[in-house]
Structures are given as C-alpha cells and as structure tokens.
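Heads up: numbering here begins at 1 and tracks the sequence.
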Amino acid sequence: MTPPKTAGRAIAKELVSHAAESERCVTRLVDNLSAHCVKTSAVLAVRSSADDAVSDADADPAEGVDTAGGRGLSVDVSWNPKLGFWFCHHAVDGGHSLTFGLSDPRGCARLHGIYEMTLPVAGFDRKAGGALVRFGNDVFLAHTSRTGAGKRPTDKAQFPYFVAQHEYDLAQATVTLPGGKSADMILLSSTNDSNAGLNIYKFLRAACDFEHWLAWNLLRPQGSGQDPSSELNSDCPPPVASEAACSLIGNRRTAGTPLHCKVTASLRKHLEKRLQTRKTPCTLAASAQHDVLVLAPDATVTAVFQVKTDITPESLFSGAGELLLSREALMARKVLVAPQNLGPFFTQALHRQGIEVATYVFSGKGFVFIDVDRVLESLGQTL
C-alpha cells in the first residue's frame with residue numbers, strides 16, 4: 001500500500017500504540033525482510049555511545065563477547081545476497097532492535113551496522129530511531145531521527161532534503177504523536193510488503209550515500225546561511241577528504257557484485273530490445289573496463305555505458321575516470337548510469353567533461369532505465 005500524499009507529503013493519523021499489534025507488525029516485517037536471505041551467525045560490534053540504539057547496557061552478558069576490537073554481541077544475521085544488505089533482529093527491554101548493514105557478513109569477524117533502530121512496543125521515543133505508523137489498515141516502518149551511519153549525530157535537517165533531492169523513492173510524512181504534537185518521518189516500508197527488503201535497501205543506500213557526501217564536504221553545514229537547494233556554487237573551494245572521510249569510504253568498488261551484474265544485465269536487455277525496435281544497425285559488447293559498449297557496423301565504439309549501484313563520491317569519481325581515461329571511449333558517447341538523480345552540481349560537472357547521466361530506479365519486478373533511450377535516438381540519427 002502506498003501512503004496517501006497531501007501537498008507532496010504524506011499525512012499519517014497515528015502511531016501504532018498497542019503492544020499486541022506492534023508485535024504482529026514486527027513479526028510480519030521480519031518475515032518479509034527474511035525472504036531471499038541466507039542465515040548466518042556473527043559478532044555485532046556494540047557501540048558505547050548513549051545515542052546508539054544498541055549499547056553495552058542493552059547487551060545480555062551471557063551473549064556478549066570480547067574481541068580485539070572491543071565488546072560485541074553474538075547474533076543471528078540474515079544476509080540478502082541479491083541486494084547486498086544484512087539485518088539482525090533481537091528483543092530488548094520494551095521493544096525490538098533492528099540493525100542493518102551493506103557488507104557481506106559471511107566470514108566477517110566483526111560486523112558494524114550502518115543503521116540501528118529500536119522499535120518501542122508502546123509509546124514514542126525519537127532517539128530510538130524507529131516507529132510504526134498507521135495508514136488506514138496498513139502499518140509502515142518509519143525513520144524518526146538520524147541516519148545512524150558514520151559519526152553521530154548527523155545533520156537531521158539535511159538528510160530528508162538529500163533523500164528528496166536525489167529521488168530515492170522514499171515518502172516523507174508528518175505524523176501525529178501522542179499529546180497532539182507532530183513529527184516529520186521518512187517511511188521505509190509497509191510491514192505487509194513482500195518487497196520490504198528492496199524498500200529497506202533504498203533507505204540504507206540513501207543513508208550510506210548521505211554519510212559519504214558529508215565526509216567529502218559536499219553538503220552545506222547547517223546554519224551557514226546559504227540556500228541548500230542551490231547545491232555547490234562555482235566559487236566554493238574544492239572539498240578535501242579528511243583522514244576520517246578516507247577511512248569511512250575505503251575501497252568499495254561495486255563492479256562484479258551481484259547487484260551490479262543484475263543491473264548491467266538488465267541494461268543490456270533494455271538496449272538490445274530498443275536497438276531491435278528502432279532497427280539501429282548496432283551490436284552490444286563489453287570490455288574489462290566498461291560495462292556495455294555499443295558498436296557500429298564497422299565495429300567502431302559509438303557509445304559506452306558505465307553502471308554504478310550507488311552515488312557515493314568515490315563511485316562517481318571512478319565512473320568518470322573510467323569513461324574519460326579509456327581508448328575505447330575516446331570518440332564515443334560517454335554515459336554514466338546511476339541509481340539516483342545526481343543533483344545539478346555533479347550533473348553539470350560531468351556534462352562539461354562530455355559525460356551524460358542516465359538514471360534507473362528499482363522496482364519489485366526489475367529495473368526501469370530513464371534517459372537511455374535518448375542516447376539511442378541520437379545514435380540512430382548519426383549512423
């Protein structure tokens with residue numbers, strides 16, 4: 001069920017406040033998230049910050065373990081290899097704890113989640129990070145405060161704007177709280193949705209991308225007096241990645257991952273179908289450096305498509321470099337295929353280098369590619 005929208009923002013009537021109903025909703029959510037998952041065991045890193053959803057005080061001493069990196073919690077983890085995220089769920093006093101991450105937990109000595117939330121069985125706690133919101137006969141899992149990735153607290157005001165600006169397909173809602181007050185929340189997924197895993201992945205991807213943009217100083221600081229909707233001005237100094245930013249980002253090349261392979265295969269099928277429909281005399285190929293090449297009848301490379309599965313700065317930098325520093329793409333149309341709207345700054349910067357941007361969106365049935373057909377139309381006119 002899609003929540004109703006009013007003036008671009010969904011309006012919720014109430015939170016789920018009954019303990020029995022909350023328990024049923026959490027059970028359905030966990031069951032839907034577990035679809036297509038592989039079960040494994042791991043040690044979850046336990047943060048000691050008072051702001052964290054899971055703390056040393058919450059850990060069961062019988063289940064806690066001490067490792068070289070500090071205290072950890074032995075948990076059962078569900079890994080979704082198709083989308084590339086994991087989650088673990090366990091009961092805590094007065095609610096349920098959910099932790100999510102984007103790394104493969106199998107064989108990992110110590111897991112660090114990028115987002116943690118506690119769902120209170122009754123009542124509302126903004127610091128808990130999560131809530132169950134009712135829309136008619138349906139109930140949605142909602143994000144209530146901070147992203148939970150990287151250093152905390154993150155800029156709560158910028159994250160909702162970042163989600164909307166880059167079109168992550170996550171609804172935002174104004175929710176009525178007990179006592180008559182209201183709060184703005186981001187809706188993650190219906191607890192009844194069989195595609196809950198995909199919906200949660202979109203949020204995790206947004207949270208991770210947001211933290212990377214923060215680390216690279218690509219977002220304006222709160223209270224700077226500058227309009228955040230204008231993105232970066234041309235007179236802004238180039239961002240400098242700090243040591244902490246480099247540590248956060250690391251080496252996260254996604255080429256060859258299951259998700260990257262699925263997106264690339266879907267793109268090839270889309271291009272093949274469009275070339276046949278338009279009767280364009282081109283064939284498709286691939287190389288060690290590029291995901292999809294479009295070849296003219298004389299085997300000349302006319303277009304190069306480079307696929308990315310996130311919009312972290314390092315992915316955009318590597319994609320641009322792969323397109324620019326290549327003999328195959330030297331005289332060809334260069335297209336960066338990304339899952340989100342990059343915003344005016346990156347889009348214009350890439351355009352100045354002769355790189356076009358085409359986006360795609362996730363759906364329950366596959367991937368929908370946007371702006372790719374525009375490239376094929378112009379190719380057909382030049383051949």
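E322 contributes no side-chain N or O that, together with a main-chain N or O of Q306, makes up a donor-acceptor pair within less than 3.5 Å. In this structure, the side chain of T277 engages the main chain of K273 through a donor-acceptor pair within 3.5 Å. In this structure, H96 contributes its side chain and A91 its backbone to no donor-acceptor pair below 3.5 Å. A donor-acceptor contact shorter than 3.5 Å links the side chain of T191 to the backbone of V139. When atom types are taken as modelled, the side chain of N80 and the backbone of L83 share a donor-acceptor pair closer than 3.5 angstrom.
Heavy-atom minimum distance, L15 versus R134: O-NH2, 4.3 Å. A pairwise comparison of heavy atoms in T174 and S182 identifies CG2-CB, 4.0 Å as the closest pair. Across every non-hydrogen atom of A183 and L177, the tightest pair is CB-CD1, 3.8 Å. Taking both residues in full, the closest heavy atoms of S103 and W79 are given as O-CZ3, 3.3 Å, listed atom of the first, atom of the second, then distance. Between D371 and V357, the shortest heavy-atom contact is OD2-O, 4.2 Å. A pairwise comparison of heavy atoms in L111 and A42 identifies CD1-CB, 3.5 Å as the closest pair.
Between E356 and K334 there is no salt bridge, since none of the side-chain N atoms of the basic residue sits less than 4.0 Å from a carboxylate O of the acidic one. Using a 4.0 Å cut-off between a side-chain N of Lys or Arg and a carboxylate O of Asp or Glu, K202 and E167 do not qualify as a salt bridge.
The ring of F159 has its center no closer than 6.0 angstrom to the ring center of W213. Taking the six-membered ring where the residue is Trp, the centroids of F203 and H143 are separated by under 6.0 Å.
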Going through the distances and angles, do D193 and N32 end up as a side chain to side chain donor-acceptor pair (under 3.5 Å)?
-> CA-CA 7 Å; D193 195 342; N32 286 323; over 6 Å; no
Would you check, one step at a time, whether the test ring pair (Phe, Tyr, Trp, His ring centres under 6.0 Å) holds for F100 with Y201?
-> CA-CA 9 Å; F100 301 91; Y201 172 80; over 10 Å; no
Any chance you could lay out the side-chain contact (heavy atoms from CB on, under 4.5 Å) test for V361 and F367, step after step, and finish with the verdict?
-> CA-CA 6 Å; V361 296; F367 306 96; over 6 Å; no
Step by step, work out the side-chain contact (heavy atoms from CB on, under 4.5 Å) result for L102 and I114.
-> CA-CA 7 Å; L102 288 172; I114 67 166; 3.7 Å; yes
Give the intermediate values and the outcome of side-chain contact (heavy atoms from CB on, under 4.5 Å) for residues V301 and L295.
-> CA-CA 5 Å; V301 179; L295 306 181; 3.6 Å; yes
Working for side-chain contact (heavy atoms from CB on, under 4.5 Å), residues R333 and T302 | CA-CA 6 Å; R333 296 278 292 277; T302 60; over 6 Å; no
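The structure places CG of N341 at 10.0 Å from OH of Y168, a figure rounded to the nearest 0.5 Å. Between L342 atom CG and Q348 atom CD the span is 11.5 Å, to the nearest 0.5 Å. In this structure, CD1 on I200 lies 14.5 Å from CZ on R205, to the nearest 0.5 angstrom. Separation of atoms NE2 (H270) and CZ (R274) is listed at 4.5 Å; rounding is to 0.5 Å. To the nearest 0.5 Å, atoms NZ (K308) and CG (L316) are separated by 8.5 Å. We find the CG-CG distance between L188 and L141 to be 5.0 Å, quoted to the nearest 0.5 Å.
Side chains of S189 and F140 form no contact here, defined as non-hydrogen atoms less than 4.5 Å apart. Side-chain contact between P344 and Q165: present, with at least one pair of heavy atoms (C-beta onward) separated by less than 4.5 Å. V304 places a side-chain heavy atom less than 4.5 Å from the side chain of L323. The side-chain heavy atoms of Y360 and T309, taken from C-beta on, include a pair separated by under 4.5 Å. Between F369 and L267, the closest side-chain pair of non-hydrogen atoms falls below 4.5 Å. The shortest distance between side-chain heavy atoms of S41 and V77 does not fall below 4.5 Å. Between M117 and T144, the closest side-chain pair of non-hydrogen atoms is not below 4.5 Å. Between I311 and H166 the shortest side-chain heavy-atom distance falls below 4.5 Å.
S287 and E328 share a side-chain donor-acceptor pair at under 3.5 Å. Between the side chains of H90 and D76, no donor-acceptor pair of N or O atoms lies under 3.5 Å. A donor-acceptor contact closer than 3.5 angstrom links the side chains of S315 and T312. Between the side chains of S97 and H89, no donor N or O sits under 3.5 Å from an acceptor N or O.
Checked against V163 for a side-chain contact (heavy atoms from CB on, under 4.5 Å), the options L170, D209, D169 give a single hit: L170. For the side-chain hydrogen bond (donor to acceptor under 3.5 Å, both in side chains) criterion with S190, the lone passing option out of N195, D138, N199 is D138.
Cluster annotation: L324 is connected to F305 through the hydrophobic network of ILVMFWY side chains, with a link wherever side-chain heavy atoms come within less than 4.5 Å. In the hydrophobic clustering of ILVMFWY residues, with side-chain heavy atoms under 4.5 Å counting as a link, F317 and V337 come out together. One hydrophobic cluster, built from ILVMFWY side chains closer than 4.5 Å, cannot hold both V372 and V368; they sit in different ones.
Residue D298 places its CG atom among more than 12 non-hydrogen atoms of other residues, nucleotides or ligands, all under 6.0 Å distant.
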